[in-house]
Participant: 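Take a look at the following structure, please.
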There are 2 protein chains.
Amino acid sequence: MSHRATLHDVAAQAGVSVASASRALIGGSASLEMISKVRRAAKQLGYVPDATARSLRMGGTRQVVFAVDDIGNLNYVAMLRAIEHEFTGAGIRLNVTATGRSERQTLDLVRSMNSGAGDGLIISPLRVTPALRRALLETVVPVVVIGSLHRDVAIDVVSVDSALAVELAVAHLVATGRRRIAFLNGPLDTHPGASRRRGYLAGLAAAGMTPDESVVEVADDFTIEAGRRSTALLIERRPSNTFDAIVAANDLLAVGAISTCLASGVGVPDEVAVTGIDDTEFAASYNPSITSVSIGSAERGKRAARLLLERFAEPTLAPRTSAVHPSLIARASTGVTRGA
Amino acid sequence: MSHRATLHDVAAQAGVSVASASRALIGGSASLEMISKVRRAAKQLGYVPDATARSLRMGGTRQVVFAVDDIGNLNYVAMLRAIEHEFTGAGIRLNVTATGRSERQTLDLVRSMNSGAGDGLIISPLRVTPALRRALLETVVPVVVIGSLHRDVAIDVVSVDSALAVELAVAHLVATGRRRIAFLNGPLDTHPGASRRRGYLAGLAAAGMTPDESVVEVADDFTIEAGRRSTALLIERRPSNTFDAIVAANDLLAVGAISTCLASGVGVPDEVAVTGIDDTEFAASYNPSITSVSIGSAERGKRAARLLLERFAEPTLAPRTSAVHPSLIARASTGVTRGA
DNA sequence: ACCCGATTTGAGAACGTTCTCAACCTTGAC
DNA sequence: GTCAAGGTTGAGAACGTTCTCAAATCGGGT
């Protein structure tokens with residue numbers, strides 16, 4: 001096994017032409033004798049077709065890239081699983097890459113699509129910069145964005161009303177008797193950060209409450225650690241700036257908020273109720289279990305995959321937008337005891 | 001832009017031969033005038049080299065595959081990050097694929113390496129079946145296994161003494177005064193499942209305790225849900241088969257154990273202490289924070305990446321094994337209050 | 001026996017790149 | 001003015017596959 005057997009070797013071994021060998025293996029018109037001869041030779045040599053050569057000839061790797069900012073967020077894992085499930089049937093391999101937090105890395109990835117990194121791209125970017133928007137538009141393969149593009153560009157999008165998600169959380173807290181609702185947001189230069197802030201303000205307005213910036217904290221990332229640090233700041237400012245609830249912009253921030261509250265002797269949900277967003281497994285399993293607004297991560301992944309498959313089949317389709325509706329799941333962190 | 005510009009187009013635009021265009025862009029011997037001419041033409045046409053064609057010609061995609069059973073396990077995310085970090089410097093793209101729990105899927109993936117899915121494979125399999133071992137040996141590209149192969153095969157391995165990890169947990173529980181230590185294991189047909197069971201028995205023996213199978217449960221997966229179900233069974237059998245500690249075979253099982261204990265009114269750590277393994281972010285952030293044995297996931301990822309890079313440079317190297325040592329991090333779930 | 005249509009086969013092009021090789025041009029030394 | 005050495009260029013092969021097209025073979029109907 002000094003070197004992989006090629007189709008040429010198989011053909012020679014079977015005593016037929018390369019063209020016939022290809023047909024026999026791939027299923028073109030070939031006699032039964034030819035098929036069995038070639039199959040035998042292929043098995044004997046341990047022949048495995050070269051995907052690179054096939055891609056070059058056929059024009060198209062059967063690979064789709066899924067790009068995500070933080071692979072450690074279970075939110076994206078749910079999307080990933082749904083997408084993978086949708087593609088395995090179609091014989092498409094999914095290539096997951098974490099773009100990290102640097103725009104540079106994201107741009108490199110998007111541009112690499114033009115050099116044949118895959119036949120399509122599903123991307124869920126936290127930050128949509130003008131450069132990224134331009135890069136996405138210049139991509140030669142179809143792209144589906146999970147999130148928002150801020151502007152009307154000719155790209156398929158699966159979106160969710162992120163602001164509404166926060167409004168639902170605020171409404172739930174108001175309905176369960178909370179009166180001073182703090183807000184633990186993620187970075188404002190991200191799409192979720194910006195729209196969730198809008199939702200927070202809208203939610204307060206709907207309840208006839210006036211916003212108070214002294215109970216609003218902006219974490220520098222959507223992570224547990226960032227949530228911890230920002231929550232500590234919120235607690236420090238009490239009791240002069242008091243609150244009886246925290247709306248966190250995602251589940252990881254909510255976990256950071258709860259753990260910091262408890263460590264500081266602030267009872268959850270007795271003194272402070274906490275809500276998250278994403279409805280990850282993390283939220284359901286935490287102690288106390290965390291009330292969270294589902295923004296349909298699995299559903300969004302599924303839809304993104306289908307949009308891409310449809311575009312593969314029909315490339316001239318007009319760009320489409322698919323919206324998923326958020327829904328709140330009440331749990332112990334807002335005083336709702338779990339049913340059986 | 002009906003169709004991507006090729007090197008041929010660039011050469012025509014610049015009025016030179018394809019060979020010269022290639023040299024000018026790649027850095028072969030070429031005059032300054034040639035370089036600037038070709039660069040200009042390339043920019044003008046928006047030329048991006050085709051990775052597939054280059055791979056075919058050069059023999060080798062600059063891509064490495066990382067295969068993992070459960071991408072939802074933060075343990076693997078830590079490995080992933082470390083591996084990615086190691087590769088980005090070398091200009092290698094990492095292709096992550098979750099093989100799910102089916103052996104079939106894993107085998108397909110490993111075999112796909114022979115058709116050019118990547119230049120190397122890092123795999124962390126829960127179950128090493130004879131078929132998988134054979135497939136790994138037949139792989140034409142270098143493979144690094146994170147875990148264990150059960151047998152002496154000519155493949156690079158990064159291992160950790162998984163049994164010792166459990167022994168450390170048992171010793172810690174004994175040292176903190178626990179006397180009846182239950183064991184919440186994962187499936188026995190997995191490598192971690194089997195070796196952690198050995199560690200549990202060894203740990204008990206070292207403390208002069210006799211094992212009691214009525215306080216041992218085997219979950220059918222290394223997940224929170226499975227941990228919940230099995231812990232419920234353990235609790236059901238109390239108080240006739242009582243216990244004051246649970247050693248869980250990983251952090252997810254530990255979370256399932258704690259949440260089920262608390263839901264059943266069993267205090268943690270007062271009545272029952274719980275330990276996990278993997279030292280994931282989950283363990284550190286849970287309430288109570290979970291004592292866990294770190295098995296150096298990030299370190300193992302880093303070493304695996306380096307082993308692979310070294311083998312790329314020196315393919316004839318003898319197979320090596322690199323071992324990481326486990327270490328226990330004590331937290332609240334065993335009654336240790338966290339320091340500042 | 002002959003011919004027409006249908007099926008099977010083989011030779012070779014093509015995908016886009018890099019690399020080998022020979023031809024060409026420059027430069028400088030005698 | 002000639003020659004050698006060195007650098008630069010272009011033609012074409014090669015990577016391994018699929019596909020087009022024409023040649024060859026086979027079948028049956030007269």
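Labels below follow one simple rule: chain letters A, B, ... track the order of the sequence lines, proteins then strands, and each chain is numbered from 1.
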Participant: Let me know the distance between NE2 of B/His8 and C1' of D/dG10, rounded to the nearest Å.
Facilitator: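 Taking NE2 of B/His8 and C1' of D/dG10, I get 13 Å after rounding.
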Participant: Side chain of A/Ala53, heavy atoms from C-beta onward: which of C/dC19, D/dG16, C/dT17 has the nearest atom to it?
Facilitator: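 Among C/dC19, D/dG16, C/dT17, the one nearest the side chain of A/Ala53 is D/dG16.
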Participant: Ignoring the backbone of B/Leu7, work out which of C/dT17, D/dC15, D/dT17 is nearest its side chain.
Facilitator: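 Closest nucleotide to the B/Leu7 side chain: C/dT17.
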Participant: Taking 4.0 angstrom as the limit, do A/Arg104 and A/Asp108 come out as a salt bridge?
Facilitator: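 Counted as a salt bridge, because a side-chain N and a carboxylate O are separated by less than 4.0 Å.
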Participant: Could you state the atom-to-atom distance from CD1 of B/Ile35 to C1' of D/dT9 in whole Å?
Facilitator: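 My rounded result for the distance is 13 Å.
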Participant: Could B/Arg127 and B/Glu103 be called an ion pair, given the rule that one side-chain N must be under 4.0 Å from one carboxylate O?
Facilitator: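 A salt bridge is absent here (no side-chain N lies under 4.0 Å from a carboxylate O).
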Participant: Can you list the steps and then say if A/Glu299 with A/Arg303 is a salt bridge (charged side-chain N to carboxylate O under 4.0 Å, His left out)?
Facilitator: CA-CA 6 Å; A/Glu299 176 67 21; A/Arg303 291 202 196 180; 2.8 Å; yes
Participant: Distance check needed: D/dC15 C1' versus A/Asp50 CG, whole Å only.
Facilitator: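 From A/Asp50 CG to D/dC15 C1': 9 Å.
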Participant: Starting at CZ of B/Phe66, measure out to CG of B/Leu121 and round the result to the nearest 0.5 Å.
Facilitator: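 Here the rounded value is 10.0 Å.
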Participant: Give a yes-or-no answer on whether the side chains of B/Ser20 and B/Ser17 include a donor-acceptor pair shorter than 3.5 Å.
Facilitator: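 Yes - a donor-acceptor pair under 3.5 Å links their side chains.
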Participant: Without decimals, in angstroms, what is the distance between A/Ile26 CD1 and D/dT17 C1'?
Facilitator: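 Roughly 8 Å, once rounded to whole Å.
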Participant: Do A/Asp9 and A/Arg4 sit within salt-bridge range, that is, some charged N less than 4.0 Å from a carboxylate O?
Facilitator: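 No, this pair does not count.
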Participant: Does the distance from a Lys or Arg side-chain N to an Asp or Glu carboxylate O, for A/Asp70 and B/Arg81, drop under 4.0 Å?
Facilitator: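 Result for this pair is yes, salt bridge flagged.
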Participant: Set out, line by line, the N/O atom pairs under 3.5 Å between protein and nucleotides 23-25 of chain C.
Facilitator:
none

Participant: Without decimals, in angstroms, what is the distance between A/Arg54 CZ and D/dT17 P?
Facilitator: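 Atom CZ in A/Arg54 sits about 8 Å away from atom P in D/dT17.
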Participant: Check the distance between D/dC19's P and A/Leu56's CG and give it to me in whole angstrom.
Facilitator: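 Between P of D/dC19 and CG of A/Leu56: 13 Å.
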Participant: Under 4.0 Å between a Lys/Arg side-chain N and an Asp/Glu carboxylate O for A/Arg134 and A/Glu138?
Facilitator: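 Salt bridge: no.
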Participant: Could you pull out the protein-nucleic contacts involving nucleotides 7-14 of chain C (nitrogen or oxygen on both sides, under 3.5 Å)?
Facilitator:
residue	atom	partner	partner atom	Å
C/dT9	OP1	A/Ser31	OG	2.8
C/dT9	OP2	A/Ser31	N	3.0
C/dG10	OP2	A/Ser17	N	3.2
C/dG10	OP2	A/Ser17	OG	3.3
C/dG10	OP2	A/Ser20	OG	2.6
C/dG10	N7	A/Arg23	NH2	2.9
C/dG10	O6	A/Arg23	NH1	3.2
C/dA14	N3	A/Arg57	NH1	3.4

Participant: Rounded to whole angstrom units, what separation is found between the CG atom of B/Asp9 and the C1' atom of C/dC15?
Facilitator: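 Value for this atom pair: 13 Å.
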Participant: For A/Lys37, look at atom NZ and say whether over 12 heavy atoms of other residues, nucleotides or ligands are found less than 6.0 Å away.
Facilitator: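 More than 12 heavy atoms, drawn from other residues, nucleotides or ligands, come within 6.0 Å of this atom.
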